[in-house]
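The block underneath contains the structure these notes are about, expressed in structure tokens.
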Amino acid sequence: MFKGIYLQGKPHAWRGRTKFRLAAGAAAILLTFSGGAFSQGTSQGPVVGAQEPQTVAVSPAGPLSLAKAIELALEGNPEVAAATRQLEATEGQILQGRSRPNPELAYSLEDARSKTRTQSWQLNLPVELGGKRAARTKAAEKSREQAAAQLAELKGTVRANVAAAYFDVLTAQERLALAKDSVALAKSSTDTVAKRVAAGKVSPVEESKARVAEAGVRVELAQAASEQRNALSRLFALLGQINAPFTVLEGKAENLPAVPPLADLQPLISSSPGVVLARIEVDRRQALTELEQSKRVPDVTVSVGMQRSNETQRNVLLFGVSVPLPVFDRNQGNLLEALKLEDKARDELQGATVRLHSEVAQARERLSTITAEIQSLQQDVRPGAKSAYDAATIGFENGKFNFLEVLDAQRTYFTAKSQYLKALGEAHRAAADVDRLLGASTVSGLIATHN
């Protein structure tokens with residue numbers, strides 16, 4: 001404040017400093033522009049610093065493999081992260097289950113008068129009987145095993161979903177390539193018909209039909225492109241990615257998984273995630289039943305203390321034991337509930353085993369049926385439809401067939417290829433279902449995620 005007043009009193013000094021600062025700023029600006037002019041004089045290209053943000057090229061991401069997709073999904077899936085936190089939270093239950101009851105410090109005062117006052121200090125120590133602490137710890141450990149089994153089941157589901165979505169993308173890419181081939185063939189057929197119309201060999205109506213057919217095929221091409229984009233969006237949503245960093249996927253949709261014999265799959269049901277989770281639930285309910293049974297045994301409280309009487313000027317040692325009498329509350333209601341829930345868990349285990357046997361058999365049968373359909377399409381339907389289409393095209397060029405027969409043969413050929421691609425997608429989804437039901441770790445080398 002004092003310095004400002006001083007400068008106001010000397011305007012010449014203030015003006016001098018202002019002029020100095022303005023001159024320094026002008027010199028800096030002049031040097032900057034002169035440096036830019038010098039760089040432009042030595043080089044005719046643009047300034048590197050100004051164009052650098054526009055010319056920096058982002059290296060394209062490499063092809064995405066199925067194993068990498070599953071790894072990214074397990075790392076970025078929020079449900080897997082939540083299940084992992086649940087597993088970590090069960091450690092707190094175990095820690096709390098191992099804790100012993102806290103001792104209690106009691107103080108009492110008798111008679112407010114100083115001469116006849118009596119004070120007592122007492123330490124009460126609860127002693128748990130009936131194995132409560134061990135039963136409580138065992139129940140907490142079973143809860144941790146249950147959380148671990150739930151996490152494993154969720155990871156298996158995520159792996160199966162990623163595998164199904166991955167092969168959906170591959171199938172959509174094949175369908176898009178088929179649509180492009182269809183457009184190319186339709187364009188060639190339209191050109192051929194146009195030439196024949198110009199030569200006066202066929203009616204102009206044939207050209208109109210060809211152009212209508214070409215327009216329909218272009219609509220199918222737009223639908224195939226949209227389906228591919230949707231399939232990519234579903235896949236990268238499972239990976240926890242907003243944008244698609246990968247544009248190329250490894251593998252081919254035609255790489256079908258093997259069809260394992262049903263006799264090889266049935267022994268794996270006992271170690272499947274669903275059955276393991278149901279079995280752990282039975283063990284946890286048994287541990288909770290043991291905990292409720294231990295609560296029927298009353299705990300003992302041991303008391304040790306000292307009493308001081310001002311009237312007698314003496315200290316008296318106190319020792320006591322207290323035991324609650326289980327006359328009315330014998331924990332019979334909680335024990336009955338625990339026993340019934342244990343029976344319920346056993347019934348659910350049996351139901352889960354039967355259900356998984358049925359679901360695995362159905363998924364395996366669906367995979368086997370679709371594989372047989374694909375083989376039939378590969379060996380008989382597609383070659384026959386292709387031969388009929390080639391023959392119709394050659395016959396039309398030679399004037400032996402009309403264009404309706406060519407369109408019918410073309411439609412039959414591309415319908416067969418579309419049916420083939422649809423069957424490929426169904427086969428991979430059936431294999432992913434078997435993978436999800438049995439767990440990827442138990443069917444290594446057989447199902448979609450290991451294809």
Side-chain angles (χ1 to χ4, degrees), residues 66 70 156-157 159-179 181-182 220 223-224 227-228 231 234-235 249-269 272 274 354-391 408-451:
L66 178 57
I70 293 175
T157 302
R159 280 193 295 265
N161 292 338
V162 171
Y166 187 90
F167 286 106
D168 282 344
V169 174
L170 292 179
T171 306
Q173 290 177 351
E174 295 290 340
R175 190 174 292 109
L176 179 60
L178 173 62
D181 293 341
S182 301
E220 294 179 358
Q223 293 176 351
E227 184 178 352
Q228 184 202 21
R234 290 191 298 268
L235 174 61
L249 304 185
E250 291 183 356
K252 295 182 179 180
E254 297 181 352
N255 295 335
L256 290 176
V259 182
L262 185 60
D264 294 343
L265 297 180
Q266 287 180 345
L268 301 176
I269 294 178
S272 62
V354 174
R355 184 179 65 254
L356 278 175
H357 273 281
S358 176
E359 292 179 355
V360 169
Q362 293 178 21
R364 188 262 174 198
E365 182 64 26
R366 189 167 68 253
L367 177 60
S368 177
T369 303
I370 297 174
T371 303
E373 178 185 353
I374 291 173
Q375 293 175 355
S376 177
L377 289 171
Q378 285 178 335
Q379 298 174 3
D380 301 328
V381 178
R382 287 180 59 192
K386 184 67 168 60
S387 299
Y389 173 71
D390 293 339
D408 184 66
Q410 180 181 355
R411 189 179 301 110
T412 302
Y413 171 58
F414 287 106
T415 300
K417 292 192 70 174
S418 298
Q419 184 179 2
Y420 172 71
L421 293 176
K422 182 180 179 181
L424 286 177
E426 292 293 334
H428 288 296
R429 279 189 287 272
D433 286 340
V434 178
D435 192 354
R436 174 181 57 82
L437 293 172
L438 296 180
S441 60
T442 59
V443 288
S444 177
L446 298 178
I447 310 302
T449 55
H450 299 85
N451 182 25

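Values below: all heavy atoms of this structure, side chains included; hydrogens, waters and symmetry mates excluded. Quick note: residue numbers are just sequence positions, from 1.
Separating the OG1 atom in Thr171 from the NZ atom in Lys422 is a distance of 12.5 Å, to the nearest 0.5 Å. For the atom pair CG of Leu235 and CG of Leu249, the computed distance is 6.5 Å after rounding to the nearest 0.5 Å. In this structure, CD1 on Ile374 lies 12.0 Å from CD on Gln379, to the nearest 0.5 angstrom. Interatomic distance, Ser272 OG to Leu356 CG, rounded to the nearest 0.5 Å: 4.5 Å. Atom CG of Leu437 and atom CG of Leu265 lie 10.0 Å apart (nearest 0.5 Å). Summarising the geometry, atom OH belonging to Tyr420 is positioned 11.5 Å from atom CD belonging to Glu373; distances are rounded to the nearest 0.5 Å.
A donor-acceptor pair under 3.5 Å links the side-chain atoms of Ser418 to the main chain of Phe414, judged by distance alone. Proximity of a side-chain donor or acceptor of Arg364 to a complementary backbone N or O of Pro260 within less than 3.5 Å is detected. The main-chain N or O of Ala372 is never found under 3.5 Å from a side-chain atom of Ser376 such that the two would form a donor-acceptor pair.
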Worksheet item: Stepwise, does the side chain to side chain contact (heavy atoms under 4.5 Å, CB included) test hold for Gln266 with Val360?
Response: CA-CA 8 Å; Gln266 287 180 345; Val360 169; over 6 Å; no
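When side chains are defined from C-beta on, Leu424 does not count as touching Phe167, because their heavy atoms never get closer than 4.5 Å. At least one side-chain heavy atom of Asp433 sits less than 4.5 Å from a side-chain heavy atom of Arg366. In this structure the side chain of Gln228 never reaches within 4.5 angstrom of the side chain of Arg175, judged on heavy atoms. Using a 4.5 Å heavy-atom cutoff, the side chains of Glu174 and Lys417 are not in contact.
Legend: residues meeting side-chain contact (heavy atoms from CB on, under 4.5 Å) with Thr157, ordered by chain and number and at least two apart, are Asn161, Arg436. Residues satisfying the side-chain contact (heavy atoms from CB on, under 4.5 Å) criterion with Glu365, sequence neighbours excluded, are Thr369. Looking at residues two or more places apart in sequence or on another chain, you find a salt bridge (Lys or Arg N to Asp or Glu O under 4.0 Å) between Arg429 and Asp168, Glu426.
Contact between Ala361 and Leu262 at its shortest, heavy atoms only, is CA-CD1, 4.0 Å. The shortest non-hydrogen separation linking Ala164 to Ala432 is CB-CB, 4.1 Å.
For the residue pair Thr371 / Gln375, no side-chain donor-acceptor distance below 3.5 Å is found, with atom types taken as modelled.
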